[in-house]
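Every value quoted in this text rests on a predicted model; they were computed, and no experiment measured them. In what follows, residues are counted from 1 in the order of the sequence shown.
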Amino acid sequence: MKKTFMSVLVAMAVLVSSPLARAATDLADNAMEVKPLLNGMSIPPITVKMADGTPVSLQALVMQKPTIVLFYRGGWCPYCSRQLAGLKDIEADLVELGYQVLAISPQSVAMLQEQKLETEFAVNLLSDENLDAIAGFGIGFYLDEDTVAKYKGYGISLTQDSNGRAVLPAPAIFFVDQKGVVQMSYVNPDYKVRPSADLVLAVAKALRAEN
């Protein structure tokens with residue numbers, strides 16, 4: 001078990017710009033400079049919104065059961081949609097292991113409701129349109145003007161901070177226990193690279209076996 005667990009740990013290594021990365025409350029200048037929460041750190045007190053607009057404490061949700069907190073860019077992102085669809089294949093296994101999946105994006109509640117209509121499995125879609133969770137987990141970054149213009153040309157509406165600058169999260173997965181402590185995480189500034197559903201399930205099984 002330990003050999004298998006260690007191989008999973010290596011595969012799920014946190015990809016950050018600095019080995020001394022710490023929890024961040026600010027937004028990075030670009031995706032390569034994000035400083036996500038590290039293993040052993042506690043998630044910050046954050047309020048997000050359900051798809052119906054109801055505010056909810058992320059800590060309160062996590063206290064209910066072991067949680068996979070997944071940050072994605074939005075329903076408009078094909079890589080994110082593919083990742084969410086892949087999780088559908090392991091949903092029953094995750095539920096049997098006792099996990100819940102919370103998928104957080106900077107999309108507005110209105111946009112989240114549209115996406116929810118297209119979602120066929122029990123992942124909880126949450127809105128972080130105030131960017132509190134994205135900043136608190138240390139995975140948020142500003143987009144340069146050229147990229148913003150490119151997305152605008154595709155008809156994609158991006159969430160902005162209080163200064164009017166567009167922000168996105170580096171796609172990330174955090175495995176969090178009921179005390180709100182990060183047990184394992186995967187953060188990659190390359191939005192095209194996502195861990196497979198099989199790898200996510202392997203980590204979930206390994207963590208449950210250890211606890």
Worksheet entry | Spatial distance of atom CD1 (I43) from atom CG (L61) [nearest 0.5 Å] | 9.0 Å

Fill in: Sequence-distant partners of D198, side-chain hydrogen bond (donor to acceptor under 3.5 Å, both in side chains), two or more places apart
none

Worksheet item: If every non-hydrogen atom of A133 is compared with every non-hydrogen atom of V48, which pair is closest and at what distance?
Response: CB-CG1, 4.2 Å

Worksheet item: Closest heavy-atom contact between L143 and V148?
Response: CB-CG2, 3.8 Å

Fill in: Check: D161/Y142 side-chain N/O donor and acceptor closer than 3.5 Å
yes

Discussion item. Applying ring pair (Phe, Tyr, Trp, His ring centres under 6.0 Å) as the test, list every pair that has at least one member in residues 191-211; sequence neighbours left out.
Written reply: Y79-Y191

For residues 162-172, please give each side-chain donor-acceptor pair under 3.5 Å, one per line with the distance, not counting sequence neighbours.
none

Worksheet item: With a 4.5 Å heavy-atom cut-off, do L125 and Y72 have their side chains touching?
Response: yes

Worksheet, complete the sentence: Closest non-hydrogen contact found for F137 with P44 is CE1-CD, 4.3 Å

Worksheet, complete the sentence: What one should report as the nearest heavy-atom pair of V101 and L94 is CG2-CD1, 3.9 Å

Discussion item. I'd like to know whether I173 forms a side chain to side chain contact (heavy atoms under 4.5 Å, CB included) with V69, so could you lay out the CA-CA distance, the side-chain angles of the two residues, the decisive distance to 0.1 Å, and finally the verdict.
Written reply: CA-CA 6 Å; I173 293 181; V69 181; over 6 Å; no

Fill in: Straight-line distance of K205 NZ to E96 CD, nearest 0.5 Å
8.5 Å

Fill in: Interatomic spacing from CD1 in I68 to CG in L207 - rounded to 0.5 Å
9.0 Å

Fill in: Side-chain heavy-atom pair Q178, P66 within 4.5 angstrom cut-off
yes

Discussion item. So which atom in I134 and which in P106 form the shortest heavy-atom distance, rounded to 0.1 Å?
Written reply: CD1-CB, 3.7 Å

Response to the item:
Rounded to the nearest 0.5 angstrom, the CD-CG distance for Q83 and L87 is 6.0 Å

Fill in: In one Ile/Leu/Val/Met/Phe/Trp/Tyr side-chain cluster, 4.5 Å: F141, I156
yes

Item to complete: Keeping the roles fixed (side chain from T54, backbone from M50), state whether a donor-acceptor pair exists under 3.5 Å.
Response: no

Fill in: Listed partners of T147 passing side-chain hydrogen bond (donor to acceptor under 3.5 Å, both in side chains), at least two apart
D144

Discussion item. Which residues pass the ring-ring contact (aromatic ring centres under 6.0 Å, His included) test with Y151, not counting sequence neighbours?
Written reply: W76

Worksheet item: Taking all atoms of both residues into account, what is the closest heavy-atom pair of F175 and V200, and its distance?
Response: CZ-O, 3.7 Å

Worksheet item: Can you check side chain to side chain contact (heavy atoms under 4.5 Å, CB included) on F71 and L126, steps first, answer last?
Response: CA-CA 10 Å; F71 285 90; L126 301 172; over 6 Å; no

Item to complete: Evaluate side chain to side chain contact (heavy atoms under 4.5 Å, CB included) for V56 paired with T47, printing each intermediate quantity in order.
Response: CA-CA 5 Å; V56 60; T47 298; 5.9 Å; no

Worksheet item: How long is the span from the CD atom in E210 to the CD atom in Q183, to the nearest 0.5 Å?
Response: 9.5 Å

Worksheet item: Does I139 reach the side chain of P36, with side-chain heavy atoms less than 4.5 Å apart?
Response: yes

Worksheet item: Has the side chain of S157 got a donor or acceptor atom that lies under 3.5 Å from a matching backbone atom of G155?
Response: no

Item to complete: Compare all side-chain heavy atoms of S127 with those of Q107 and state whether any distance is below 4.5 angstrom.
Response: no

Item to complete: Without swapping roles, check the side chain of R208 against the backbone of L97 for a donor-acceptor pair under 3.5 Å.
Response: yes

Worksheet, complete the sentence: Value for CZ (R194) from CG (L70), rounded to nearest 0.5 Å, stands at 8.0 Å

Discussion item. Suppose the criterion is salt bridge (charged side-chain N to carboxylate O under 4.0 Å, His left out): which pairs have a residue in residues 127-140, not counting sequence neighbours?
Written reply: K49-E129

Worksheet item: Quick one: do V109 and L158 end up in the same hydrophobic cluster if we chain Ile, Leu, Val, Met, Phe, Trp and Tyr together by side-chain heavy atoms under 4.5 Å apart?
Response: no

Practice prompt. Take V187 and F174, measure what side chain to side chain contact (heavy atoms under 4.5 Å, CB included) needs, and give me the verdict at the end.
Written response: CA-CA 8 Å; V187 182; F174 294 87; 4.0 Å; yes

Worksheet item: Heavy atoms, side chains only, cut-off 4.5 Å: are V181 and M41 in contact?
Response: no

Item to complete: Indicate whether any N or O donor in one side chain lies under 3.5 Å from an N or O acceptor in the other, for S57 and Q59.
Response: no

